[in-house]
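Step one of this worksheet: look at the structure below.
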Number of protein chains: 2
Amino acid sequence: MDGPDDQLDGMNDDSMLVAGQAVSLRSLVADRLRLAIITGRFRPGQQLRERELCELTGVSRPSLREALRALEAEGLISTMPHRGPVVAALTPDEVDHLYALRRVLESFAAREFARLRRPDDIAALKATMKRLDDLRDSGTPLDLLEAGSAYYRAVASGSGNPYLAQNLQALHNRIALIRFISLHERNRNRLTFAALRTMMKAIIAGDEALTEQLWTEHLAAIGTRARGIVEAGYRLPGTGDRSTPSAA
Amino acid sequence: MDGPDDQLDGMNDDSMLVAGQAVSLRSLVADRLRLAIITGRFRPGQQLRERELCELTGVSRPSLREALRALEAEGLISTMPHRGPVVAALTPDEVDHLYALRRVLESFAAREFARLRRPDDIAALKATMKRLDDLRDSGTPLDLLEAGSAYYRAVASGSGNPYLAQNLQALHNRIALIRFISLHERNRNRLTFAALRTMMKAIIAGDEALTEQLWTEHLAAIGTRARGIVEAGYRLPGTGDRSTPSAA
DNA sequence: TGTTTGCAGTTTGTAGGACAAACTTACGTT
DNA sequence: AACGTAAGTTTGTCCTACAAACTGCAAACA
């Protein structure tokens, strides 16, 4: 966190938003904690003490606890009755299940995207691809994580199904740390980028069957890779890398 | 609710459970409120006042609010900044999106079930089918709702993917009221029951393709029916029925 | 010596009250 | 009749407090 003492920052630049709905304090806290978990600032399996989180975020315990309930529902933390919140740690099998679910949902989203082909969504997807290309060589892993998430978000949005998009967003949050670690291998990234570009073209071409096939293959590939990362204890397998170097 | 004044009941028959995990007060409250929403005791679009809910459940405001956060994350209620929680009311388009998602998830679950064919899961599925048959003529709509939910839960469980099962459970909660209303038409129920039996047989036979096909067709059929119910204002379309006769 | 029992210390679960901010409604004015 | 203002109500947030439960350590026992 960057705002040290008083309240959460980010509340100052409200700049005349009228339709902005969820600006409650608890949602800001939830966003902060979510980011901290996603980027590995809080490690999987780590015990979180409410007292410390209150000091970190600068909010009171009731507000913090409401935020924790949201994160709990998202599966990012788990709470045992009198032992407090713990950052969710995935087992290899759980990663397989999660990626199986992602395969189904995301290939369907991509297929729907290819079927609808709404111009605005296509433009948005192209924009995220361009950003990925710009970052390909110079971007930090955190940059790449965000850019990749934007790409997947654009695909989910292009499906035209808000529930599907929301579901996928939650799913991506649960595996973001794994992706983040995976992004530290630059040579692998080239291959992934090429795949993302190919899949984008299939969508734009409106080839539903090809889109679904490419997507399924892509997710199968990175799924096995994700399992490997978790098996190595949330580290890049085969290296002595301690990974997740203080993202911020 | 049935326990009028002091605390929530259901806490008495703990009977030496050791592995029971989530018995916090807020989870009990969440369960109660969830049931009230699912069965239409709280109508879609209804404003919920925290004060009243506190009196109804007999818990304090902090506990209640934490429970509301969970329900909010499940999509059963929505909260606007200073206007309090509102029971989610689906538009016809939202129903379509929800059922599209259900079609993808549940047909995949059924297909996985047909692929794995684990004996325990098959036995559990048969048991839910038997219960449905027993209730077919004599059961109340609420009985049928629960029995049908058990059937779908058994299918989700048979997929072997806990995340998929959990996802489907949340999805079913969001459309439970629609199903509940639909179950008031007994002649339709016969057809649905026949379909459920056919799909079960396909799973047991291990015919993945047939399973997926049957499931997709089934969900398409009840999806259009669900849309009709919402279009009629959460009433059975074509009748003057006021529906949802005080479930309890 | 190894196991168990008992006792702090700490953390969470729950409760009640309090105050500010914001929305809703009704009323009075122009 | 339309607008602006004021009261009442509800939510958002916070503080304090206490009971329940878990943790760890030390002492007593076999």
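Below, chain A is the first sequence line, B the second, and so on; all start at residue 1.
- To the nearest angstrom, P of D:dT10 lies 12 Å from CG of B:L53.
- With respect to B:E72 and B:R65, no salt bridge is recorded, no charged nitrogen being found less than 4.0 Å from a carboxylate O.
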Any protein N or O atoms within reach of nucleotides 19-21 of chain D? Criterion: under 3.5 Å, listing atom names and distances.
unit_1 : atom_1 : unit_2 : atom_2 : d
D:dA21 : O4'    : A:H82  : ND1    : 3.4

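- Of the candidates D:dG12, D:dT23, D:dC14, the closest approach to any side-chain atom of A:L25 belongs to D:dC14.
- Residue B:T79 places no side-chain N or O under 4.0 Å from the OP1 or OP2 atom of D:dT11.
- Rounded to whole angstrom, the span from the CE atom of B:M80 across to the C1' atom of D:dT10 amounts to 15 Å.
- Here D:dG12 presents its P atom at 12 Å from CZ of B:R83, a figure rounded to the nearest Å.
- If you check distances only, the side chain of B:R61 does reach the base of D:dG12 with a donor-acceptor pair under 3.5 Å.
- The distance from atom CZ of B:R65 to atom P of C:dT14 is 16 Å, rounded to the nearest whole Å.
- Protein atom CD of A:E50 is 11 Å distant from nucleotide atom P of C:dT14, rounded to whole Å.
- Remark: A:R102 qualifies as a cation-pi partner of A:Y152 under the 6.0 Å distance and 45° angle criteria applied to the six-membered ring.
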Please assess B:E94 against B:R174 for the test salt bridge (charged side-chain N to carboxylate O under 4.0 Å, His left out), listing each intermediate value before the final yes or no. CA-CA 11 Å; B:E94 288 173 336; B:R174 301 182 79 163; over 6 Å; no
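- A:S149 and A:R179 share a donor-acceptor pair across their side chains, judged by distance under 3.5 Å alone.
- In the set C:dG13, D:dG12, D:dT10, D:dG12 carries the atom at the smallest distance from any side-chain atom of B:R69.
- Ranking D:dC15, D:dC22, C:dT14 by closeness to the B:S60 side chain, first place goes to C:dT14.
- Atom CG of A:L28 and atom P of D:dG12 are 14 Å apart (whole Å).
- Taking atom CG of residue B:L48 and atom P of nucleotide D:dT11, one finds them 9 Å apart after rounding to whole Å.
- In terms of phosphate contacts, B:S63 brings a side-chain nitrogen or oxygen within less than 4.0 Å of OP1 or OP2 of C:dA15.
- A:R32 and A:T57 are not linked by any side-chain donor-acceptor pair at a separation below 3.5 angstrom, with hydrogens and angles left out of the test.
- Counting to the nearest Å, the P atom of C:dT12 and the CZ atom of A:R51 are 9 Å from each other.
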Applying salt bridge (charged side-chain N to carboxylate O under 4.0 Å, His left out) to A:R227 and A:E231, what does each step give before you reach the verdict? CA-CA 6 Å; A:R227 183 188 170 99; A:E231 281 177 341; 2.9 Å; yes
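- Backbone-only contact: A:R26 has heavy atoms under 4.0 Å from sugar-phosphate atoms and none from a base.
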Check the pair B:E74, B:R34 against salt bridge (charged side-chain N to carboxylate O under 4.0 Å, His left out), reporting the backbone distance first and the verdict last. CA-CA 10 Å; B:E74 295 173 28; B:R34 193 181 294 112; 2.7 Å; yes
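- Among the atoms of the strands shown, none is found under 4.0 Å from any heavy atom of A:L64.
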